[in-house]
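Note that these values count all heavy atoms, side chains included, but never hydrogens, waters or copies made by symmetry. By convention here, the first residue in the shown sequence is residue 1.
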Amino acid sequence: MYKMLANNLSFDFFIADKYRIWRTVLLFSLFFTVNLVLFSTNFTGIKFPNDGVYYLNIAENLINHGLFQDTISVPINPAVTHQNGIVFCLVVLKLVFGKYCFVAYVVLISVLWFYALKKMYELARYLGISKTVSIILGFVMYTKPEILTSNLSLSNESIYLPLCYYAVSDFLIKLNGNNRDKNNALLYLFLVIGLFFRNQHITILFTLFFSAWMFKLDERKAVTIFSIMGGLLFFIYVGLTPHLINQNLVNESFVIGNRFSLEKISFVLRQFANIYMPGFFFVKYVVFNLLLGLVFFSLFLFGLWKICNQEKYKRLGILLILLIGSNSLFLFVLPFSDDRYSVVMHFYILLVQVSILTGFRKSIQKTIPVMFVIVTISLFALILFKYVNGTKGRVPVYGMLKQYEEYKTLPDIKNENIIYFSESPRMTYWMLEKSSCDLSPAECAEYFKYDEKTSDMVYFGSITKFNNRKQLAGYKVADCLISKCKNYGIWRIEKIPALK
């Protein structure tokens, strides 16, 4: 038992002595603690989960009412997508762990990422990249804005990405007959459940299935069976739940438009530089993105040529071409540009680009990754600043959350007959556990079965957005309910008296 745990949990750069397992436990404990501290920022008024509030709301409705619906705002909305894997995870965590479900969530993502980073490290070492650089690659990837955001926001990616990185990296190692690790449980689990988290998973299924049969791997039959099983389960789920989805969104997602525009091409090419420069820094500069993408795409092609030119890594190079090629095509077909959908291939792009360094002297190999660390720490500071000072209506998110905290201390909040209107319904639900209304005050009162004449009405947001809200025509902001309201605040609203 001791040897099994040591072989499965520890990195090979640990000293092989009797204390190795304890060093692994210490490393995981540190990793878990960092994740827990970062996630706790959702409860300390620094940030809130945003998309995660939507998934959490659906999970709570499933548990409490047996209904799969979004009640963050009224009228009740159908689900945005069938990609609700994280919802089922949250349901299980809440049912099993109760009020400690968020701690259990952090444990879960910590375990998944710990295994994923271990396998990513092994793949980098297999390609001849030094131990130090391999560790740095894992650090650079885990601190990427998209990955940190997903882990802090209860999103599908928080589960899907570590499973994907583990499964694909493990498959790449096995591709060349390096079958030291015979445990395929996470690989097969990933094949089955992946579509519930990301439709993009179809590109992974294609890559692994095609490669397994092309190179006649021992796992090819199992890969086929579990891939088919996952596809069937997902399509049965979709077939049984057509009422869950907002059909307008579905129809819009299949509209052909600007798929191969200059903006789309620059977006896809920019993914080859995204590891070094997060997308939101230069999202408006199409030509810059295009030129930057071309430079790093050329670097990637050179690294790929170098890998494929070595007989030992030729199979691995072909799989990387299939993986990154199919995902790039998926990004072209996607009707919008979102960096979350490109993170799947970022590690493998970085791996190919860094593999070029294996032909240089060790001093150069160490210098460049150290620069990566410096850049990554700088970006992490900028990301933290962005979340703390990110704006909605020119007001820092941190400041908005503080306004909610102040509002929660008011005695009047205990009044159940309050109708809430909000510029940010998810934030309102997260802070107050109350649904916001997107109807007229009269319709809201009827929906909640309140008396419109005696009900209080509260608005969270900016005066500009309030004045542009058609449902609130004939109403005005009256008193500021907190100590300070400028353009953005928390207001009591009242009906404008009719002119006599």
Side-chain angles (χ1 to χ4, degrees), residues 5 8-14 23-42 49 51-52 55 85-86 89-90 92-93 97 101-125 134-173 181 183-187 189-190 193-194 197-198 200-201 204 275 339-340 342-351 372-373 376-377 379-380 383-384:
L5 288 173
N8 279 282
L9 290 177
S10 62
F11 293 88
D12 64 6
F13 55 84
F14 287 156
R23 295 183 185 187
T24 303
V25 171
L26 180 62
L27 179 60
F28 176 78
S29 300
L30 178 62
F31 186 59
F32 165 73
T33 302
V34 170
N35 285 329
L36 188 63
V37 170
L38 289 173
F39 187 79
S40 67
T41 58
N42 288 309
D51 286 356
Y55 294 117
I86 187 63
C89 290
L90 291 173
V92 172
L93 292 176
F97 298 100
C101 64
F102 293 121
V103 176
Y105 166 80
V106 177
V107 171
L108 175 62
I109 64 170
S110 297
V111 169
L112 290 177
W113 271 108
F114 195 73
Y115 270 92
L117 290 168
K118 171 184 179 292
K119 194 60 65 173
M120 291 156 69
Y121 168 83
E122 289 178 2
L123 178 60
R125 293 289 294 127
S134 298
I135 296 170
I136 290 173
L137 289 183
F139 175 80
V140 169
M141 281 304 304
Y142 192 73
T143 52
K144 274 184 61 61
E146 298 89 348
I147 289 176
L148 284 177
T149 301
S150 68
N151 289 343
L152 301 183
S153 302
L154 301 166
S155 68
N156 278 308
E157 288 82 10
S158 64
I159 305 296
Y160 183 79
L161 283 177
L163 280 175
C164 181
Y165 281 142
Y166 177 92
V168 174
S169 298
D170 184 52
F171 197 86
L172 282 164
I173 294 172
D181 185 1
N183 186 1
N184 294 315
L186 282 181
L187 169 62
L189 175 67
F190 172 68
I193 69 173
F197 291 86
R198 274 282 165 255
Q200 185 182 7
H201 184 66
I204 308 296
I275 303 95
D339 286 321
R340 290 181 303 170
S342 60
V343 185
V344 166
M345 59 184 187
H346 282 175
F347 171 67
Y348 303 103
I349 290 173
L350 179 62
L351 192 67
F372 282 167
V373 172
T376 301
I377 292 173
L379 291 177
F380 180 79
I383 298 305
L384 187 62

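- Sequence neighbours left out, the pairs with a member in residues 151-160 that pass salt bridge (charged side-chain N to carboxylate O under 4.0 Å, His left out) are Glu157-Arg198.
- Residue pairs meeting the salt bridge (charged side-chain N to carboxylate O under 4.0 Å, His left out) criterion with at least one member in residues 103-117: none, sequence neighbours excluded.
- In this structure, the separation between CG on Leu187 and OH on Tyr166 is 8.0 Å, given to the nearest 0.5 Å.
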Test side chain to side chain contact (heavy atoms under 4.5 Å, CB included) on Asp51 and Arg340 and set out the steps. CA-CA 13 Å; Asp51 286 356; Arg340 290 181 303 170; 3.2 Å; yes
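- Residues Thr143 and Leu148 come closest through the heavy atom pair O-CD1, 3.6 Å.
- At least one side-chain heavy atom of Leu154 sits under 4.5 Å from a side-chain heavy atom of Tyr105.
- For the residue pair Ser150 and Ser158, the shortest heavy atom distance occurs at O-CB, 3.4 Å.
- Counting heavy atoms from C-beta outward, Phe171 and Leu123 have side chains that stay 4.5 Å or more apart.
- In this structure, CG on Asn156 lies 12.5 Å from NE2 on His201, to the nearest 0.5 angstrom.
- For the side chain to side chain donor-acceptor pair (under 3.5 Å) test, residues two or more places apart in sequence or in another chain that qualify with Ser169 are Tyr348.
- Here the OH atom belonging to Tyr165 is positioned 10.0 Å from the CE atom belonging to Met345, to the nearest 0.5 angstrom.
- Listed here is the closest heavy atom pair of Ile159 and Cys89: CG1-SG, 4.4 Å.
- Looking at Arg125 and Glu122, no side-chain N of the basic residue comes within less than 4.0 Å of a carboxylate O on the acidic one, giving no salt bridge.
- Note: Leu163 CG to Leu189 CG = 6.0 Å, rounded to the nearest 0.5 Å.
- Side-chain atoms of Thr149 do not come within 3.5 Å of backbone N or O of Glu146 as any donor-acceptor pair.
- Looking at every heavy atom in both residues, Ala104 comes nearest to Leu93 through CB-CD2, 3.9 Å.
- Contact check for Ile147 versus Met141: side-chain heavy atoms found under the 4.5 Å cut-off.
- Not a single side chain to side chain donor-acceptor pair (under 3.5 Å) links Ser134 to another residue, sequence neighbours left out.
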Check residues 107-114 and write down every donor-acceptor pair under 3.5 Å in which the side-chain atom is one partner and the other belongs to a residue at least two apart or another chain.
| unit_1 | atom_1 | unit_2 | atom_2 | d |
| --- | --- | --- | --- | --- |
| Ser110 | OG | Asn35 | ND2 | 3.0 |
| Ser110 | OG | Val106 | O | 2.6 |
| Trp113 | NE1 | Asn151 | OD1 | 3.3 |

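- For Cys164, the side-chain contact (heavy atoms from CB on, under 4.5 Å) criterion is met by Tyr160, Val168, Phe190, Ile204, Val344, not counting sequence neighbours.
- Contact of the Asp170 side chain with the Leu186 side chain is not registered, since no non-hydrogen atoms from C-beta on lie closer than 4.5 Å.
- In this pair, Phe28 and Phe31 present their aromatic rings tilted. The plane angle is within the 30 to 60° band.
- Side-chain atoms of Ile173 and Lys119, non-hydrogen and from C-beta on, do get closer than 4.5 Å to each other.
- Phe102 CZ to Leu36 CG: the interatomic distance, rounded to the nearest 0.5 Å, is 12.5 Å.
- Proximity of a side-chain donor or acceptor of Asn42 to a complementary backbone N or O of Leu152 within less than 3.5 Å is detected.
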